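Just below is one structure, and these are the notes that go with it.
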Amino acid sequence: MSLQAAKVGASGVPKVSTAAPVRRRWGAPLNQPMRNWQGRRVWLIGASSGIGLACAKALHAAGAKVVISARDLGLLSEWAEACNQQEVTVELLTLDVTDALQVKYAMRQVAANGPVDLLLYCAGHYRAQRATAFDLNDMLRHQEVNYSGLLRVLDAALPLFLQQGFGHISLVSSVAGWRGLPNGLAYGPTKAAVTHLAETLYMDLQDKGIGVSLINPGFVATPLTAQNNFQMPALISPEQAASDMLAGWAEGLFDIHFPKRFTLWLKLMRLLPYRLYFALVRRFTGL
Ligand SMILES: NC(=O)c1ccc[n+]([C@@H]2O[C@H](COP(=O)([O-])OP(=O)(O)OC[C@H]3O[C@@H](n4cnc5c(N)ncnc54)[C@H](OP(=O)(O)O)[C@@H]3O)[C@@H](O)[C@H]2O)c1
């Protein structure tokens, strides 16, 4: 894509690059609020089901041109075909984030059709694991999908975003990455890494005109959590999660966490000394 083309948003609206250091008024949103999705182009990776798919549908309904990636997009072809008979398009692009060549190829495909206003990394793998049944292969699988896959995507996407001088990168992490939790031996550390990465990306990209946000859902009813054999507190639907994400982007938040009735308690627990934290987790989970 030529630099000239890259300076024009997917909507055809010329974008202003904010290459000069950004001085934000205290209390101002940490990101440029994203409210109008009409004609914006968004790439959602890990969106064949659950939160990613609900988000794709919500963004499409708001007028965005949506590109959806995951390994298995078969179930979406009918919906995409129906959408493509209307004005606002849905592109399906098969992608396994554990394969660096596929990621690079997919990025080229996406870039060939125009600039990207939002990249959402939503691909995730979760299996409950405890230290008493340590499974190295599954530990590494979590790392491959949840963290290394994201690094591969950033490796391919950052040059494009830097060349564009605009756009927003949003990473789906989890409250499970905030502190250690039982059953989270494999999953939790990968999400802690995503959170840390997002914080650093924000600081590196804020002066380049590129927004970064972090999505921290509590429990959402998706195929990923269907394996949980306990009653999930404050469980919400993927549609509610998507609506909270769009609200967070509209406010220009960096940390988009939901549902608040659950995440605010966990934020408080983040501050507790270990002795108290371990005792409370044991009491609440029985583990
Ligand atoms: N559900 C929750 O309570 C919850 C809470 C906090 C955070 N999260 C996070 O939210 C994100 C979405 O999860 P979800 O709950 O919506 O579960 P989900 O419905 O299982 O979605 C996971 C998505 O990741 C894709 N994926 C998995 N491996 C992939 C790979 N190698 N390459 C490309 N795509 C891959 C899956 O598609 P394919 O299988 O077709 O590839 C699917 O689209 C994940 O990052 C998860 O960790 C979920």
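Just so you know, ligand 1 is whichever comes first in the structure, and atom 1 is the first atom listed for that ligand. In what follows, every heavy atom counts, from backbone to side chain, and hydrogens, waters and symmetry copies are set aside. None of the values given here were measured: they were computed from a predicted structure. Numbering of residues begins at 1 and proceeds along the displayed sequence.
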Do ligand 1 and Cys122 have nitrogen or oxygen atoms that lie under 3.5 Å from each other?
yes
I want to confirm something. Looking only at heavy atoms, which of Thr222, Leu95, Leu75 is nearest to atom 14 (P) of ligand 1?
Thr222
Heavy-atom gap Tyr187 to ligand 1 smaller than 4.0 Å
yes
Would you check if the side chain of Ser243 reaches a backbone N or O of Glu239 as a donor-acceptor pair within less than 3.5 Å?
no
Please compare Pro223, Gly46, Ala106 and report which has the shortest non-hydrogen distance to atom 25 (C) of ligand 1.
Gly46
Considering only the protein, which heavy-atom contact is closest to atom 7 (C) of ligand 1, and what is its distance?
Ser173 O, 3.2 Å
What is the closest protein heavy atom to atom 19 (O) of ligand 1, and at what distance does it sit?
Ser49 OG, 2.7 Å
Sub-4.0 Å atoms of ligand 1 with respect to non-hydrogen atoms of Asp96:
30 (C), 31 (N), 32 (N)
With the side chain counted from C-beta on, respond yes when Arg152 and Glu144 share a heavy-atom pair under 4.5 Å apart, and no when they do not.
yes
CG of Asn113 to CG of Leu93: how many Å apart, nearest 0.5 Å?
9.5 Å
Logged contact type for Asp72 with ligand 1, heavy-atom cut-off 4.0 Å, is both
Residue Ala123 vicinity, atoms of ligand 1 by number, heavy atom under 4.0 Å
24 (O), 34 (N), 35 (C), 45 (O)
Location of contacts on Lys191 toward ligand 1, heavy atoms closer than 4.0 Å:
side chain
Phe219-ligand 1 polar pair, N/O distance under 3.5 Å
no
If I take atom OG1 from residue Thr94 and atom CD from residue Gln109, how far apart are they, to the nearest 0.5 angstrom?
10.5 Å
Any nitrogen or oxygen of Arg71, main chain or side chain, under 3.5 Å from a nitrogen or oxygen of ligand 1?
yes
Gly50 heavy atoms, cut-off 4.0 Å: which ligand 1 atoms fall inside?
16 (O), 19 (O)
Residue pair His125, Asp138: steps toward the side-chain hydrogen bond (donor to acceptor under 3.5 Å, both in side chains) verdict:
CA-CA 9 Å; His125 172 70; Asp138 203 38; 2.9 Å; yes
Applying ring pair (Phe, Tyr, Trp, His ring centres under 6.0 Å), which residue pairs with at least one partner in residues 44-89 are found, sequence neighbours left out?
His60-Trp79
Any idea which part of Ser69 is under 4.0 Å from ligand 1, heavy-atom wise: side chain, backbone, both or neither?
neither
What do you reckon, does Ser174 have a nitrogen or oxygen under 3.5 Å from a nitrogen or oxygen of ligand 1?
no
Do NZ/NE/NH1/NH2 and the carboxylate oxygens of Lys104 and Asp155 come within less than 4.0 Å?
yes
Report yes if Val220 has an N/O atom closer than 3.5 Å to an N/O atom of ligand 1; otherwise report no.
yes
Is it true that a side-chain atom of Arg40 and a backbone atom of Val66 form a donor plus acceptor pair closer than 3.5 Å?
no
Specify the protein heavy atom at minimum distance from atom 37 (O) of ligand 1: its residue, its atom name, and the distance to 0.1 Å.
Ser48 OG, 2.9 Å
To the nearest 0.5 Å, what is the distance between CG on Asp117 and CH2 on Trp37?
7.5 Å
Using distance alone, determine whether Pro217 and ligand 1 share an N or O pair under 3.5 Å.
no
Is the count of non-hydrogen atoms from other residues, nucleotides or ligands lying under 6.0 Å from Gln231 atom CD greater than 12?
no
Mind checking the CG-NZ spacing from Leu76 to Lys57? Nearest 0.5 Å is all I need.
7.0 Å
I'd like to know if Ala54 contacts ligand 1, where contact means a heavy-atom distance under 4.0 Å to any ligand atom.
no
Look at the aromatic rings of Phe262 and Phe219 and report parallel, tilted or perpendicular, splitting at 30° and 60°.
tilted
Just to confirm my output: which protein heavy-atom neighbour is closest to atom 22 (C) of ligand 1, and how far is it?
Gly124 O, 3.9 Å
Which part of Val145 is near ligand 1, with near meaning a heavy atom under 4.0 Å away: side chain, backbone, both or neither?
side chain
Closest to atom 13 (O) of ligand 1 (judged by heavy-atom distance), picking from Thr225, Ile68, Leu224, Val97:
Leu224
Can Ala176 be said to touch ligand 1, with heavy atoms closer than 4.0 Å?
no
Name each donor-acceptor pair under 3.5 Å that joins a side chain in residues 266-280 to protein atoms two or more places apart or in another chain, with its distance.
residue : atom : partner : partner atom : Å
Lys267  : NZ   : Asp255  : OD2          : 2.6
Tyr277  : OH   : Gly180  : O            : 2.6

Closest to atom 10 (O) of ligand 1 among protein heavy atoms sits Val172 CG1, 3.3 Å
How far is atom 16 (O) of ligand 1 from its nearest protein heavy atom, and which residue and atom name does that atom have?
Ile51 N, 2.7 Å
For atom 5 (C) of ligand 1, which protein heavy atom lies nearest, and how many Å away is it?
Gly218 O, 3.0 Å
With rounding to the nearest 0.5 angstrom, report the CD to CG distance, Glu199 to Asp204.
12.0 Å
Spacing of CG belonging to Leu162 relative to CD1 belonging to Ile210, to within rounding of 0.5 Å:
4.5 Å
